[in-house]
There are 2 protein chains.
Amino acid sequence: MDRRIPVDDRTGIRIVPETIRRSDRPADGHPGSRYGNRPTMKDVAARAGVGLKTVSRVVNGEPGVTPETERRVQEAIDALGFRRNDSARVLRKGRTASIGLVLEDLADPFYGPLSRAVEEVARAHGALLINGSSAEDPDREQELALALCARRVDGLVIIPAGDDHRYLEPELKAGVATVFVDRPAGKIDADCVLSDNYGGARDGVAHLIAHGHRRIGFIGDMPRIHTAAERLRGYRAAMEDAGIPVEDSWMSLGVTDPERVRRAAEEMLTGPSPVTAIFAGNNRVTVTVIRVLAEQTRAVALVGFDDIELADLLQPGVTVVAQDAAAIGRNAAERLFRQLDGTLVTPERIELPTRLITRGSGELPPAD
Amino acid sequence: MDRRIPVDDRTGIRIVPETIRRSDRPADGHPGSRYGNRPTMKDVAARAGVGLKTVSRVVNGEPGVTPETERRVQEAIDALGFRRNDSARVLRKGRTASIGLVLEDLADPFYGPLSRAVEEVARAHGALLINGSSAEDPDREQELALALCARRVDGLVIIPAGDDHRYLEPELKAGVATVFVDRPAGKIDADCVLSDNYGGARDGVAHLIAHGHRRIGFIGDMPRIHTAAERLRGYRAAMEDAGIPVEDSWMSLGVTDPERVRRAAEEMLTGPSPVTAIFAGNNRVTVTVIRVLAEQTRAVALVGFDDIELADLLQPGVTVVAQDAAAIGRNAAERLFRQLDGTLVTPERIELPTRLITRGSGELPPAD
DNA sequence: CCCGGATCTGACAACGTTGTCCAGGCTCTA
DNA sequence: TAGAGCCTGGACAACGTTGTCAGATCCGGG
């Protein structure tokens with residue numbers, strides 16, 4: 001139909017030129033500069049017939065400029081399309097008004113709200129947010145964090161992938177505000193903001209026990225990850241409190257990719273001592289477990305760590321131990337700026353409480 | 001129990017000091033500098049007993065330095081904890097090796113993968129990603145974009161909130177690579193990468209019609225938003241193609257917050273000419289509509305624009321018109337770097353195809 | 001013994017901004 | 001009308017890096 005629009009048959013991608021009224025570039029932007037260069041304050045000053053510093057004053061809204069002069073300068077700015085070069089400004093002033101955020105994976109629904117919360121606080125302090133994903137790789141975390149330090153971010157919010165952060169010591173010493181989030185810093189003292197992973201997991205498992213379960217499975221991440229280890233500890237504590245010996249076949253650690261989670265879940269459901277309930281160590285695990293349970297004939301109870309969207313619409317609704325990602329991010333960012341203020345000096349670890357949200361799946365009775 | 005750990009009773013936040021072995025700050029970091037200052041190449045040069053430029057050479061891996069000299073310099077670098085100041089470097093070199101991403105809301109599950117994809121491409125080109133959320137506010141979008149330009153990002157990926165981007169003209173002229181995403185640029189010519197919103201919506205609605213529906217509702221965002229307008233246009237086209245006159249009461253525009261979506265949905269379900277199917281204009285709308293439909297006694301068909309997690313686990317599974325957020329982000333970022341290469345000069349609009357994923361809710365027959 | 005060339009090193013300017021400081025012109029008062 | 005004081009504007013250095021260029025050093029060969 002649309003004969004005039006080229007369509008790539010294989011990919012279905014449609015491309016149309018957008019050149020309706022491409023503004024032709026002027027032969028030369030402004031006097032004395034190479035093509036593509038931007039005007040500087042010097043150019044503006046020349047055009048307005050004033051001194052360099054006067055332009056600086058106008059740009060920064062400093063007092064001591066006649067309205068008439070200001071008008072002339074403003075005119076020159078608009079005419080040339082001048083925009084202050086913040087790199088130079090940073091170099092001169094020493095503060096960049098930007099903070100860095102190193103997280104694990106921006107695409108993970110847990111980090112979206114967290115990142116947004118950090119950004120919101122940064123914005124309130126007039127700072128921009130630079131962020132990068134470590135992909136759970138310690139080397140990449142370090143590379144990123146140091147690159148951010150080279151940019152001279154004022155502060156750093158880090159969701160650690162590694163467990164040794166001594167590489168940050170020179171930075172801390174140099175005054176880079178730093179807050180660790182979700183997992184504590186390794187081998188250095190630093191502020192950190194965590195969820196109460198241990199308590200949350202313990203409560204979640206205790207909830208299952210309270211509903212009559214004794215054979216409860218645990219599927220979680222590698223215990224070298226702090227959150228995973230803490231949640232496992234919570235699971236064990238709850239079982240021990242109830243006097244239930246844990247069988248090895250009930251625990252699956254270091255497993256997060258869907259296929260392996262599926263296999264792990266299936267194994268603990270069909271093993272010699274089959275579980276009647278599963279505690280899922282994080283949202284990715286929970287999702288896969290839901291899929292597996294949906295295929296089962298008998299009803300298996302489930303409590304997941306981390307809330308998931310639409311959990312309440314499933315049949316049954318998914319009971320979860322929820323963390324407040326936004327609150328964590330907000331807390332961390334606020335601490336960071338308090339470090340920069342000087343209001344905060346002693347590194348602390350704060351743990352935010354989790355919340356058990358009962359929706360049905362965690363209240364199912366055991367069915368053998 | 002934990003009598004030694006202070007717990008705020010109201011918020012449940014637990015705070016413990018992290019000062020186990022706080023490294024005491026040295027009286028003075030390095031000679032001739034204020035406290036808190038970082039060592040510079042000059043300091044390194046002095047300590048290593050070499051010239052400034054030699055340090056620069058070592059830091060940047062330039063040739064022409066004796067192994068012995070290099071060793072001495074490297075030693076001084078490690079001893080002082082030197083880290084190159086990229087602000088100064090940027091000022092000198094003109095390129096920042098960073099790109100900016102202005103999106104609507106990082107917390108929206110659609111933008112997480114998109115952002116991540118952009119970041120991944122940036123990383124492949126050795127660039128960092130600075131991003132900010134416009135919160136759908138045109139002023140904030142402009143403020144952000146210009147702040148990024150002041151930082152002299154090499155390029156800009158923008159998910160527009162406003163519809164007039166002439167404020168970017170000086171930047172484009174100055175050579176800032178720019179790609180608009182998800183919605184086209186307003187009043188300027190620029191590269192843009194979009195989903196085929198019109199075609200996707202048309203297909204989705206046609207799908208409902210093919211299953212026997214004639215009274216089909218549409219709930220979407222304000223038509224001033226390009227995607228919303230296009231999807232509405234797709235809805236109308238499908239209806240017209242089928243010869244079905246659309247009643248005003250079937251359409252609800254400019255409605256995205258849960259309460260109003262709920263009201264809108266309820267109204268079109270109970271009105272004088274009640275719909276038997278609903279087309280939801282975006283993921284937020286879809287989620288709310290699912291909730292409303294779950295409360296209904298009769299089965300109402302649903303097709304949503306944008307995929308949502310767990311959509312396949314609901315009863316019935318949710319049929320959606322899916323966009324590939326990651327592909328969009330990847331495409332946009334790649335175009336951006338091609339602009340920087342010089343490989344790409346003419347602004348184009350590319351439209352990525354959408355995919356109809358049938359899961360059940362869109363295949364329900366009409367029930368009056 | 002000296003010279004040419006290759007190799008290594010460092011002095012210096014420049015990037016664009018801001019802080020400091022001083023000059024010149026104005027107003028106000030005695 | 002002269003002097004004090006204020007207001008405005010500009011010259012200059014500095015921020016930490018890199019590019020340019022020239023000087024220093026070392027080698028072998030004539």
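Sequence lines set the chain letters: A, B, ... in the order given, protein chains first and strands last, and positions in each chain run from 1.
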Could you pull out all residues at least two apart from [X] that satisfy side-chain hydrogen bond (donor to acceptor under 3.5 Å, both in side chains)?
X: A:Glu75; value: A:Arg71
X: B:Thr178; value: none
X: B:Asn331; value: none

Is there a side-chain polar atom (N or O) of A:Thr69 under 4.0 Å from OP1 or OP2 of D:dG9?
->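 Yes, A:Thr69 has a side-chain N/O under 4.0 Å of OP1/OP2 on D:dG9.
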Per-nt protein contacts along nucleotides 22-28 of chain C (heavy atom under 4.0 Å; B base, S backbone sugar-phosphate only, - none) come out as -------
Any residue meeting salt bridge (Lys or Arg N to Asp or Glu O under 4.0 Å) with [X], in chain and number order, not counting sequence neighbours:
X: A:Asp163; result: none
X: B:Asp182; result: none
X: B:Arg72; result: B:Glu68
X: A:Glu136; result: A:Arg183

Restricting both atoms to N or O, compile the protein contacts to nucleotides 18-20 of chain C shorter than 3.5 Å, with distance only.
from   : atom 1 : to      : atom 2 : distance (Å)
C:dT18 : OP1    : A:Asn60 : OD1    : 3.2
C:dT18 : OP1    : A:Asn60 : ND2    : 3.1
C:dT18 : OP1    : A:Arg89 : NE     : 2.9
C:dT18 : OP2    : A:Ser56 : OG     : 2.8
C:dT18 : OP2    : A:Asn60 : ND2    : 3.1
C:dT18 : O2     : A:Arg92 : NH1    : 2.2
C:dG19 : OP1    : A:Lys93 : NZ     : 3.4
C:dG19 : N7     : A:Lys53 : NZ     : 2.9

Given atom CD of B:Glu68 and atom C1' of D:dT25, what is their separation to the nearest angstrom?
->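 B:Glu68 atom CD is separated from D:dT25 atom C1' by 16 Å.
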Distance-only criterion, 3.5 Å: show the donor-acceptor pairs between side-chain atoms of residues 50-58 of chain B and protein atoms not counting sequence neighbours.
from    : atom 1 : to      : atom 2 : distance (Å)
B:Ser56 : OG     : B:Asn60 : ND2    : 3.4

Tell me which of B:Arg152 and B:Pro67 sits closer to the 5' end of DNA chain C, going by the nucleotide each one is nearest to.
->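 Looking at the nearest nucleotide for each, B:Pro67 comes out on the 5' side.
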Name all residues meeting the ring pair (Phe, Tyr, Trp, His ring centres under 6.0 Å) criterion together with B:Phe180; count only those two or more places apart in sequence or in a different chain, and write none if there are none.
->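 Testing B:Phe180 for ring pair (Phe, Tyr, Trp, His ring centres under 6.0 Å), a comparison that skips the adjacent residues, returns B:His165.
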Decide yes or no on side chain to side chain donor-acceptor pair (under 3.5 Å) for B:Ser133 and B:Glu104, but give the supporting numbers first.
-> CA-CA 5 Å; B:Ser133 306; B:Glu104 190 224 314; over 6 Å; no
Please round to 10 degrees the angle between the axis of the first five pairs and the axis of the last five pairs in the helix from C:dC1-D:dG30 to C:dA30-D:dT1.
->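 It works out to 60° between the end axes.
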